[in-house]
Number of protein chains: 2
Amino acid sequence: MAAARTTGPRPAGRRPTIVDVARRAAVSPAAVSKVLRNAYGVSPSMRERVETAVSELGYRPMVSAQSMRTGTRTLGVSSLDPRNPFIPMLLDGVAREARRSAFSALITLTDADGATQLEAARSMVDRQVDGLILITPTMSEDDLVQLAAEVPLVLLGRHGAHPAFDSVASDDALGAALTVDHLVSRGHRRIAFHTQPTRSGGLPEEFREAGYREAVRRHGLQADVVVGEWSAEGGRRLVDELLGRPTPPTAVHAGADMVALAVLDRLLERGGRAPDDLAVAGCDGVPAAALRAVSLTTVDQQAAEMGGLAARLLVERLAGRAEPRHVLVPPQLVVRATT
Amino acid sequence: MAAARTTGPRPAGRRPTIVDVARRAAVSPAAVSKVLRNAYGVSPSMRERVETAVSELGYRPMVSAQSMRTGTRTLGVSSLDPRNPFIPMLLDGVAREARRSAFSALITLTDADGATQLEAARSMVDRQVDGLILITPTMSEDDLVQLAAEVPLVLLGRHGAHPAFDSVASDDALGAALTVDHLVSRGHRRIAFHTQPTRSGGLPEEFREAGYREAVRRHGLQADVVVGEWSAEGGRRLVDELLGRPTPPTAVHAGADMVALAVLDRLLERGGRAPDDLAVAGCDGVPAAALRAVSLTTVDQQAAEMGGLAARLLVERLAGRAEPRHVLVPPQLVVRATT
DNA sequence: CTGAAAGCGCTAACAT
DNA sequence: ATGTTAGCGCTTTCAG
């Protein structure tokens, strides 16, 4: 089966090991190891013979065996459901940066439940990843600190002031403030905000709401926070709840684009239109928002940059940095037709 | 640091090993191993003591060490860029089924280039995954066969008749035929099809084009295939090329939703509208197509089912199935406003 | 039913 | 500059 590799003592099916290479190059296994890691003290002639044997046998080191003595040059990424298009933008940023740094990024999908996320993270640690990037983890800070004691950790999309790990988050408060400012400049006075119940400290919804509250206060307006669910269904319900009031707000800022898109959809379904019946602004900057048919005003969180930064922080940390870094990425308001 | 685990001889920082557990339970490491894998021949009393020690120490086996003797219960998934929303639907199906089967799914992101994909796959094999799921791999069949000789393999989104691996694909020809039938039933006679140059045998575009050609022939119409690029830019160019003709087609079927969405967008930009100026049908069934503001007719490929099926086939194979399975999933036409 | 010992593929001292 | 020798943490014969 498969392309017949030269001769060699490969008993058809067994993967060649470092011993096979050593035998074929007539050197010791240790020598092969040295060549492969280009460690100090190998003669050109030996390097040559080893490299020949390696390519003739198609030898590839077994990472799990290496990992018993060294690292794996692998970053573990725990990700939320990528069907929320915000996630793939983060992942793309991480993967791109990992490639640049000659690390592999291994992604595992998990849901929003803290216990499941913790288990997913541990499972990657069991597999000897060198470090971990956790996307908006909802577990307790205690759990995070304990995890960070086992492996270098970067939080992506969660604000963290803790010295045990690094973090990259969007400046969520700023994003909400920019949105409110914009809506006010368009003449809106009754501006609602939609969020979800936060399950842990440091998550975006907390800072977005704070930013919103501070901004409306600054403009002398009254806060109007609707707590629902960050889902399509949550967005639909939001429209009905808002427009069902005696005096509905004239604008709403949803804490996530998935919600804002559903708001737009429900609005259309009811025969309404944004911004006339209700101005709508989202948050995330997902690609669908940019479609002309949708044209949703949103807060671009610079997801790719955030992901890349998270990977870079982790790589730096693995390279020896000791002081924690907590970065806030400034978001950008993208004004479109729905406001 | 971290929650003080009882006492135990853990020298603060070192992860507990099977030897630590054995010592604490006053049994041999072999016994611990047996309990953990609930192998034959362990007394209830020993099981009890070992389990206590395990939880007291917070012991977790190191997968790389296990993997020197056994498998890892890990499925490797090589995925294309998930910013194409079709991909996350596949991944979700895979992840869900993996969880059901008590396997971990580890995902690595790669681009459409065959050599890069092969390297990504090999890299997962180096990490001792038990099997591999490759999403629309563009590498040569030779490469695939060689890979399949090293590890059980399932192609997802590539038609394969080869006995060396399993495959799950959408019945792409049927999807294109359904679309053409629908367009004809709406009175269209000049129906264009947009595809991209295929880089390897077995990829969807090949079968979609064949299905399209066969369908128009059946209806006594003339085939009109435009070869471009499956990207937003490709979609925009497609509109200009089509509407720039002396006698433009009245409908176009794009081989991917990403293209169809861009077609809609460019159409709007030119002041046109679907279906009046050009009927548009896509293929994939991405969520954005379902938004009322977009309402794109498309071929739902049942991505989640495809992904789940791929994972199930791989798990079956790992459980010992020897005969190859090649499954074609029937797609479903979802008619919306753009046609 | 239980434990001692060998070894999986690799790297890191420690010789030479 | 090269090779020898111990392990890394785990599983697996094979004795008892």
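The structure displayed is predicted, hence computed values, not measured ones. Order of the sequence lines fixes the chain letters, A, B, ..., with proteins taken first and strands second; residue numbering starts at 1 for each chain.
Between D:dG3, C:dT11, D:dT11, one nucleotide has an atom nearer to the side chain of B:R69 than all others, and that is D:dT11. Which of D:dG3, C:dC10, D:dC10 sits closest to the side chain of B:Q66 comes down to D:dC10. With distances taken from any side-chain atom of A:K34 to the nucleotides C:dG3, D:dT2, D:dC10, the minimum falls on D:dT2. Looking at the side chain of A:I18, the nearest of the listed nucleotides C:dC10, C:dG9, D:dG3 is C:dC10. The side chain of B:Y40 sits closest to C:dC1 out of D:dG3, C:dG3, C:dC1. Checked against D:dG9, D:dT11, D:dA1, the side chain of B:T70 finds its nearest nucleotide in D:dT11. Comparing atom distances between the A:M62 side chain and each of C:dG9, D:dG9, D:dT2 picks out C:dG9 as nearest.
Taking atom CG of residue B:D20 and atom P of nucleotide D:dC8, one finds them 11 Å apart after rounding to whole Å. As a whole-Å value, the separation of B:L36 CG from D:dT12 P is 12 Å. Counting to the nearest Å, the C1' atom of C:dG9 and the CG atom of B:D126 are 13 Å from each other.
Smallest separation of non-hydrogen atoms from A:A120 and A:T108: CB-CG2, 4.2 Å.
Among the protein residues, A:A30 comes within range of the nucleic acid bases, having at least one heavy atom under 4.0 Å from a base atom. Using a 4.0 Å heavy-atom distance criterion, A:R37 is classed as a sugar-phosphate-only contact.
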